[in-house]
Amino acid sequence: MEKFRQEIARKLAPLLNMSSEAARALMEVPPNPAWGDIAIPCFSFAKTLRKAPQAIALDLAKAADFGGLASSVEATGGYLNLTLEKAAVTRHIMQGILQDGASFGFTNKGAGKTVVIDFSSPNIAKPFGIGHLRTTVIGHSLSRIYSELGYRVVRVNHLGDWGTQFGKLIVAYKLLAKDDELISDPIGTLFRIYVEFHRRAESSPELLEEARVWFRRLEEGDEEARSLWQRFVEVSLKEYQRVYDLLGVEFDYWLGESYYEPLLASTVAAVEAQDLTTVSDGAVIVDLADYGMPPCLLRKTDGATLYATRDIAAALYRDKKHHPELMLYVVGQEQTLHFKQVKQVLTLMRTPAGEKLVHVPFGLFKFPEGKMSTRQGNVIFLEDVLARAVDLALVVIHAKNPELENKRDIAQHVGVGAVVFGDLKHGRIKDVLFDWDEMLNFDGETGPYVQYTHARACSILRKAAVAPALSDEAALTDEYALPLIKLLGEFPQIIARSASEYEPSVVARYVLDVAALFNRYYHNVRILGGEKDASATRLAVVLATQRILARGLYLLGVTAVDKM
RNA sequence: GCGCCUGUAGCUCAGUGGAUAGAGCAACUGCCUUCUAAGCAGUAGGCCGCAGGUUCGAUCCCUGCCAGGCGCGCCA
């Protein structure tokens with residue numbers, strides 16, 4: 001479709017006295033498909049040409065020559081509306097998808113470029129809660145979307161494996177846990193003692209001081225502290241891996257904050273060397289008042305480093321190691337200020353890392369009961385959510401398709417797909433209300449709906465007696481096939497837009513639209529049987545749809561099942 | 001107090017400086033002897049938070065206000 005728009009823009013540009021890019025940017029999609037494929041609003045020319053928009057549109061319609069591209073050109077209400085030649089459009093799109101197969105959306109914009117994506121990044125010793133779902137699935141999807149554009153993608157899991165919470169955990173462990181508990185139920189145990197620690201600390205604040213001491217000992221390499229820390233990290237990673245396996249999420253690097261620890265001293269020194277730091281109440285800070293921000297703390301009064309120090313060190317490290325074009329941080333919007341500060345400090349340091357750093361924020365999960373807090377112990381485990389979704393999917397399969405083989409396997413993909421898709425269909429930035437009913441819904445605008453549509457397409461392709469072929473082009477232009485094919489043709493633009501906006505929901509919405517149009521097609525047009533050439537051509541539409549749906553779901557990190 | 005984000009149908013959300021603001025869920029009503037009814041089709045449901053401004057044209061951009069969320073030097 002885009003190819004046609006650009007063609008039209010090129011022919012239109014001289015008449016409007018502008019570049020073809022500008023002419024392209026002017027184009028709109030008419031609200032009513034009956035009015036055509038492309039609309040050029042003429043209101044903005046009225047002043048300079050001193051003519052009514054209506055008349056301008058009329059003149060353009062008369063003057064323009066689009067060759068065989070447009071089947072109708074009309075001036076209505078100040079708009080120049082044009083309809084593309086149906087057969088040319090459908091032929092072009094269908095040939096493209098059938099030839100390119102899965103690589104139809106591939107535009108190669110990112111060839112030779114690298115993007116580093118920091119996502120998921122759970123805090124060790126805290127359960128992998130529903131709160132981690134968003135960063136994990138958004139980051140996973142973005143990594144696939146950028147790969148699709150030809151970028152080399154470096155996926156980094158920036159584990160929260162350092163910081164004062166480990167002092168707390170060590171104190172709590174020595175006080176409250178037995179060794180065998182950590183083996184039988186690692187996260188559960190760490191979680192329990194972490195909550196209990198905070199409960200006790202309310203009446204015994206000296207525990208907090210003890211925790212600070214232990215973290216200090218950890219930083220200094222104390223053997224006991226170190227070995228406890230090591231165990232906490234190991235058992236936690238093992239549990240996280242189960243969730244990642246379920247979601248199909250992988251990383252290129254698992255680098256905790258501890259990894260950057262040896263770099264911190266030189267990082268602070270580098271900032272100091274640029275004369276950016278001042279000492280305030282004994283702490284080392286970068287004053288950012290000139291940029292309308294509170295200061296960025298690099299060292300506490302006691303000399304210990306902070307979150308910002310580690311993020312600056314990590315950004316410098318990533319830039320040096322991977323030479324990326326972009327460094328994305330898929331982290332909740334509550335950390336917007338933090339990343340603005342880090343970016344500003346990097347910019348002041350005059351390193352390229354400053355402009356490469358992009359915070360990709362997302363809204364929080366909200367709960368009817370109020371804010372969720374690990375410390376208070378009210379957490380919804382992601383694994384439980386996924387398990388419930390899978391169980392429910394199994395129940396639905398037994399009810400709707402009892403003959404299905406591999407029920408458990410399919411149920412897992414469908415259940416997980418419902419949860420993942422349910423998250424990704426929302427714009428990132430909005431807060432999400434956690435709602436079991438919506439999370440476990442399989443009807444309407446959901447992952448299972450798209451998966452089901454894909455399975456339907458697969459089912460037809462399995463039963464077909466003839467091979468898909470574009471042998472009867474008239475079968476591509478009926479009122480149900482035409483809008484579907486046009487939409488399929490937008491796939492490359494959709495991928496590009498979702499990448500530039502860091503917004504997987506663009507793909508999710510698109511895939512829902514494709515599914516809706518396909519289901520309408522399916523319902524109204526008989527594909528199998530009938531005249532051979534027409535049937536083969538309709539099968540080609542089914543095949544093209546199946547490929548786009550499969551690829552779209554892949555980009556979202558959802559499995560496209562063949563049957564369900 | 002200051003800063004950032006959000007406010008669209010009963011609920012969850014799309015949407016664009018332009019022509020009649022769209023989906024899904026929930027409600028009601030049709031459609032399974034035809035390719036998977038996790039589907040399709042229909043009915044109903046709207047001062048696009050409020051008030052100004054910019055513009056030929058604002059739900060969209062600007063300002064103010066209201067409501068909610070988040071953040072604001074020694075947590076991450």
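Protein chains get the first letters and strands the later ones, always in sequence-line order, with residue 1 at the start of each. Because the structure is a prediction, the values reported are computed rather than measured.
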Quiz item: For every nucleotide of nucleotides 20-32 of chain B, 5' to 3': is a protein heavy atom under 4.0 Å from its base (B), only from its sugar-phosphate (S), or from neither (-)?
Solution: B--BSS-------
Self-check item: Whole-angstrom distance between B:C48 and B:U33, as gauged at atom P
Solution: 45 Å
Quiz prompt | A:Ser258 side chain to A:Asp161 side chain, donor-acceptor N/O pair below 3.5 angstrom | solution = yes
Quiz prompt | Separation of the C1' atoms in B:G57 and B:A19, to the nearest angstrom | solution = 11 Å
Quiz item: A:Tyr260 has an atom OH; how far is it from atom P of B:A76, in whole Å?
Solution: 16 Å
Practice problem: Return the nearest nucleotide to the side chain of A:Lys47; candidates are B:A38, B:U12, B:C56. | Solution: B:C56
Quiz item: Can B:G15 be described as syn, meaning its chi torsion is within 90° of 0, or is it anti?
Solution: anti
Quiz item: Does A:Thr336 get its side chain close enough to the base of B:C4, under 3.5 Å, for a donor-acceptor pair?
Solution: no
Quiz prompt | Residue A:Lys430, side-chain heavy atoms: nucleotide from B:U8, B:A76, B:U36 that is nearest | solution = B:U8
Quiz prompt | Listed nucleotide nearest any side-chain atom of A:Arg526, set B:U34, B:A76, B:A38 | solution = B:U34
Exercise. Could you tell me whether the side chain of A:Gln451 and the main chain of A:His413 form a donor-acceptor pair under 3.5 Å?
Key: yes
Exercise. Indicate, with a heavy-atom threshold strictly under 4.0 Å, whether A:Asp161 touches base, sugar-phosphate, or nothing.
Key: nothing
Quiz item: Among the nucleotides B:C75, B:C5, B:A19, which one has an atom lying closest to any side-chain atom of A:Gln333?
Solution: B:C5
Practice problem: Please tell me which of the listed nucleotides, B:C75, B:G73, B:C35, lies nearest to the side chain of A:Leu306? | Solution: B:C75
Quiz item: In chain order, what residues pass the salt bridge (charged side-chain N to carboxylate O under 4.0 Å, His left out) check against A:Arg520, with sequence neighbours excluded?
Solution: none
Quiz item: Just checking, any donor-acceptor pair under 3.5 angstrom between side chains of A:Asn441 and A:Thr446?
Solution: no
Quiz item: Are any of A:Tyr307's side-chain N or O atoms less than 4.0 Å away from OP1 or OP2 of B:A76?
Solution: no
Practice problem: Could you tell me whether A:Asp562 and A:Arg462 have a side-chain N and a carboxylate O separated by less than 4.0 Å? | Solution: no
Quiz item: Would you call the rings of A:Phe128 and A:His132 parallel, tilted or perpendicular if under 30° counts as parallel and over 60° as perpendicular?
Solution: tilted
Quiz item: With respect to the side chain of A:Thr301, which nucleotide from B:A38, B:C35, B:C74 is positioned closest?
Solution: B:C74
Quiz prompt | Interatomic distance at C1', B:C60 relative to B:A21, whole Å | solution = 11 Å
Quiz item: Side chain of A:Ala283: nearest nucleotide among B:A37, B:G69, B:C74?
Solution: B:C74
Quiz item: Which nucleotide sits closest to the side chain of A:Arg310: B:A76, B:G73, B:U36?
Solution: B:A76
Quiz prompt | Candidate nucleotides B:C40, B:G68, B:A37, ranked by approach to the side chain of A:Tyr449 - the nearest | solution = B:C40
Self-check item: Span that lies between the C1' atom of B:C11 and that of B:G45, in whole angstrom
Solution: 12 Å
Practice problem: Determine: side-chain N/O of A:Lys400 to OP1/OP2 of B:U36, distance under 4.0 Å, yes or no. | Solution: no
Quiz item: Between A:Asn519 and A:Thr453, is any side-chain donor less than 3.5 angstrom from a side-chain acceptor?
Solution: yes
Quiz item: What stems involve RNA chain B, if each pair must be Watson-Crick or G-U and both of its distances must be under 3.5 Å, with 3 or more such pairs in a row?
Solution: B:1-7 with B:66-72, B:10-13 with B:22-25, B:27-31 with B:39-43, B:49-53 with B:61-65
Practice problem: Take atom P in B:C28 and the same atom in B:U63, then report the distance between them in whole Å. | Solution: 47 Å
Self-check item: A:His158-A:Tyr260 aromatic ring centre distance below 6.0 Å
Solution: yes
Practice problem: Go through B:A19, B:A37, B:A76 for me and flag the one nearest to the A:Arg456 side chain. | Solution: B:A37
